[in-house]
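Take a look at the structure set out below.
Note on naming: letters A, B, ... go to the chains in the order of the sequence lines (proteins, then strands), and numbering restarts at 1 for each one. Here the structure is a predicted model, which means the values were calculated and not measured.
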Protein chains: 2
Amino acid sequence: MNIGQAAQASGVSAKMIRYYESIGLIPKTVRTEAGYRVYSDHDVHTLRFIRRARDLGFSVEQIADLVSLWQDRERASKDVKAIALEHVTLLERKIRELQEMASTLTHLARNCHGDTRPHCPILEELANDEAGQGHVKPDAKFGVLGKAPAR
Amino acid sequence: MNIGQAAQASGVSAKMIRYYESIGLIPKTVRTEAGYRVYSDHDVHTLRFIRRARDLGFSVEQIADLVSLWQDRERASKDVKAIALEHVTLLERKIRELQEMASTLTHLARNCHGDTRPHCPILEELANDEAGQGHVKPDAKFGVLGKAPAR
DNA sequence: TTTAATCCTTCCAATCATGGGAAGGTCAAG
DNA sequence: CTTGACCTTCCCATGATTGGAAGGATTAAA
């Protein structure tokens with residue numbers, strides 16, 4: 001199977017398959033004489049695993065750990081669980097951050113007439129020199145809205 | 001006031017102030033003979049406005065729009081409200097995405113013993129060839145977890 | 001006054017996961 | 001043998017931000 005078929009079958013783009021190979025997340029494949037990468041059903045299975053982990057928001061680094069645990073028949077399930085729960089913690093922190101933003105904005109927008117007049121509480125709040133200090137300090141590791149999968 | 005003091009006073013790092021200038025979000029400042037950037041209280045006020053908008057998760061592009069509306073005494077509040085509500089929509093979509101991930105993972109983790117044995121429903125689910133097709137398709141524009149402010 | 005510390009400047013690189021596209025080789029069908 | 005659909009590698013862009021190097025300016029202390 002060529003890379004395009006593997007991409008089709010796994011839901012991981014050919015670009016990303018090459019990228020995952022380049023960073024060592026997946027091993028280098030066999031090549032044809034012409035240099036084409038060749039994939040087996042087993043490879044596709046691994047790629048699907050990766051795709052699903054990615055869909056759950058795991059970082060590539062975490063996915064690497066998950067893949068190696070997956071392939072380790074001696075693994076301890078607590079190691080897997082630890083990765084999952086750590087990720088849940090991160091997700092929940094992020095959710096809280098976004099919820100805070102959304103609720104602040106919703107509140108401000110509710111008080112904005114939204115007509116042709118210039119008066120606007122949203123701008124007033126943004127311009128308010130006293131505001132914006134007290135609430136949640138932004139997450140040290142992860143940002144607001146990231147660029148994305150776009151599949 | 002030099003850039004360091006402006007950074008201190010506004011909560012926007014010197015690095016970011018230069019960056020905002022380079023992309024045209026803020027105008028080029030006056031310079032001293034030696035080439036040092038000079039900032040007024042008014043500039044700091046603008047920087048604080050920007051920082052607060054950024055804390056609410058607005059993109060630099062949206063912030064540019066907000067700043068120009070802010071400085072336009074003839075603005076219509078509906079234009080501001082539209083930007084805010086569009087952003088809320090995005091935030092809420094993102095929140096839903098993350099919640100879905102978190103709840104899936106929480107559910108899986110709850111069924112994982114988390115001991116030294118290898119059996120693990122989390123890995124089973126990731127490896128499950130039938131799964132992962134039916135739920136929310138990832139947001140076309142924004143990704144999972146982004147890199148961040150880290151202030 | 002010399003020196004050291006602390007600023008400032010510009011420029012370049014890295015982050016993270018992903019896509020876009022160019023330039024060129026390969027393969028199968030017509 | 002040509003055409004089109006693949007594949008290859010390589011470089012670039014994204015967004016917001018930080019880091020750092022190399023070098024000049026300013027300031028405070030010795």
Side-chain angles (χ1 to χ4, degrees), chain A residues 1-8 10-26 28-39 47 50-51 53-64 87 90 94 97 138-151, chain B residues 1-8 10-26 28-39 47 50-51 53-64 87 90 94 97 138-151:
Chain A
M1 196 180 340
N2 283 342
I3 199 172
Q5 282 140 8
Q8 194 77 23
S10 66
V12 178
S13 72
K15 280 269 187 196
M16 289 313 296
I17 295 175
R18 294 195 196 98
Y19 171 69
Y20 291 152
E21 182 188 308
S22 81
I23 62 170
L25 177 56
I26 54 178
K28 292 187 181 162
T29 59
V30 175
R31 304 279 189 126
T32 65
E33 281 186 12
Y36 284 23
R37 289 172 180 81
V38 175
Y39 296 89
L47 286 168
I50 289 169
R51 181 177 61 76
R54 198 198 48 183
D55 286 350
L56 287 172
F58 286 103
S59 69
V60 166
E61 198 184 348
Q62 286 173 314
I63 294 175
H87 183 47
L90 189 60
K94 189 77 198 169
E97 253 180 70
D139 183 326
K141 181 164 188 209
F142 289 105
V144 180
L145 293 166
K147 232 194 73 181
R151 275 199 324 289
Chain B
M1 194 181 340
N2 283 342
I3 199 170
Q5 283 140 7
Q8 193 77 23
S10 66
V12 179
S13 73
K15 281 272 187 193
M16 289 312 295
I17 295 175
R18 292 193 198 99
Y19 171 70
Y20 290 153
E21 183 189 307
S22 81
I23 62 170
L25 177 58
I26 54 178
K28 291 185 181 164
T29 59
V30 176
R31 303 279 189 127
T32 65
E33 280 185 15
Y36 284 23
R37 288 173 181 80
V38 175
Y39 296 88
L47 286 169
I50 290 170
R51 181 178 60 76
R54 200 198 45 183
D55 286 349
L56 288 171
F58 286 103
S59 69
V60 165
E61 198 183 349
Q62 286 173 314
I63 294 174
H87 184 46
L90 189 59
K94 189 78 198 167
E97 252 180 70
D139 184 325
K141 181 165 186 207
F142 290 105
V144 180
L145 294 165
K147 233 196 71 183
R151 273 199 325 291

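- Rounded to whole Å, the distance from CD on B/Glu61 to P on D/dA13 is 18 Å.
- Here D/dC7 is the nucleotide among D/dC7, C/dC8, C/dT18 with the atom lying nearest to any side-chain atom of A/Arg18.
- A straight line from CE of A/Met1 to C1' of D/dC7 spans 16 Å, rounded to a whole angstrom.
- Look at OH on B/Tyr39: it is 14 Å from C1' on C/dC7, rounded to the nearest Å.
- Summarising the geometry, atom CD1 belonging to A/Ile3 is positioned 11.0 Å from atom CE belonging to A/Met16; distances are rounded to the nearest 0.5 Å.
- Between B/Ser13 and D/dT17, a side-chain N or O to OP1/OP2 separation shorter than 4.0 Å is absent.
- Distances shown here put every side-chain N or O of B/Ser59 at or beyond 4.0 Å from the OP1 or OP2 atom of D/dG15.
- Between A/Lys15 atom NZ and C/dC16 atom C1' there is a gap of 16 Å when expressed in whole angstrom units.
- Of all the heavy atoms in A/Leu47 and A/Ile26, the pair that sits closest is CD2-CD1, 4.2 Å.
- Between the CG atom of A/Leu56 and the NE2 atom of A/His87 there is a distance of 6.5 Å, given to the nearest 0.5 Å.
- Rounded to 10°, the helix from C/dT1-D/dA30 to C/dG30-D/dC1 has 30° between the axis fitted to its first five pairs and the one fitted to its last five.
- For C/dA17, neither phosphate oxygen OP1 nor OP2 lies less than 4.0 angstrom from any side-chain nitrogen or oxygen of A/Tyr20.
- At the heavy-atom level, A/Thr32 lies nowhere under 4.0 Å from the strands shown.
- For the OP1/OP2 pair of D/dT9 and a distance below 4.0 Å, the side-chain nitrogens and oxygens of A/Arg37 include at least one atom meeting the criterion.
- Taken to the nearest 0.5 Å, the CG atom of A/Asn2 stands 13.0 Å off from the CD atom of A/Gln8.
- Between the CD atom of B/Gln62 and the C1' atom of D/dA16 there is a distance of 14 Å, rounded to whole Å.
- One can place CG of A/Asp55 at 14 Å from P of C/dA17, the figure rounded to the nearest angstrom.
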**OP:** Could you walk me through whether B/Arg51 and B/Asp55 pass side chain to side chain contact (heavy atoms under 4.5 Å, CB included), step by step?
**Re:** CA-CA 6 Å; B/Arg51 181 178 60 76; B/Asp55 286 349; 3.1 Å; yes
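- Contact check, A/Arg54 against C/dT18: a side-chain N or O comes under 4.0 Å of OP1 or OP2.
- If you find the closest nucleotide of DNA chain D to B/Val60 and to B/Glu33, the one lying nearer the 5' end belongs to B/Val60.
- One interatomic measurement links the two molecules: CE of B/Met16 to P of D/dT17, which rounds to 4 Å at whole-angstrom precision.
- Taking atom OH of A/Tyr36 as the reference point, atom C1' of C/dG25 lies 7 Å away to the nearest angstrom.
- Here the CE-OG1 distance, from B/Met1 to B/Thr29, works out to 11.5 Å after rounding to the nearest 0.5 Å.
- Phosphate proximity of C/dT10 to B/Arg31: present, with a side-chain N or O under 4.0 Å from OP1 or OP2.
- Here the straight-line distance linking atom CG of A/Leu25 with atom CD1 of A/Ile63 works out to 6.5 Å at 0.5 Å rounding.
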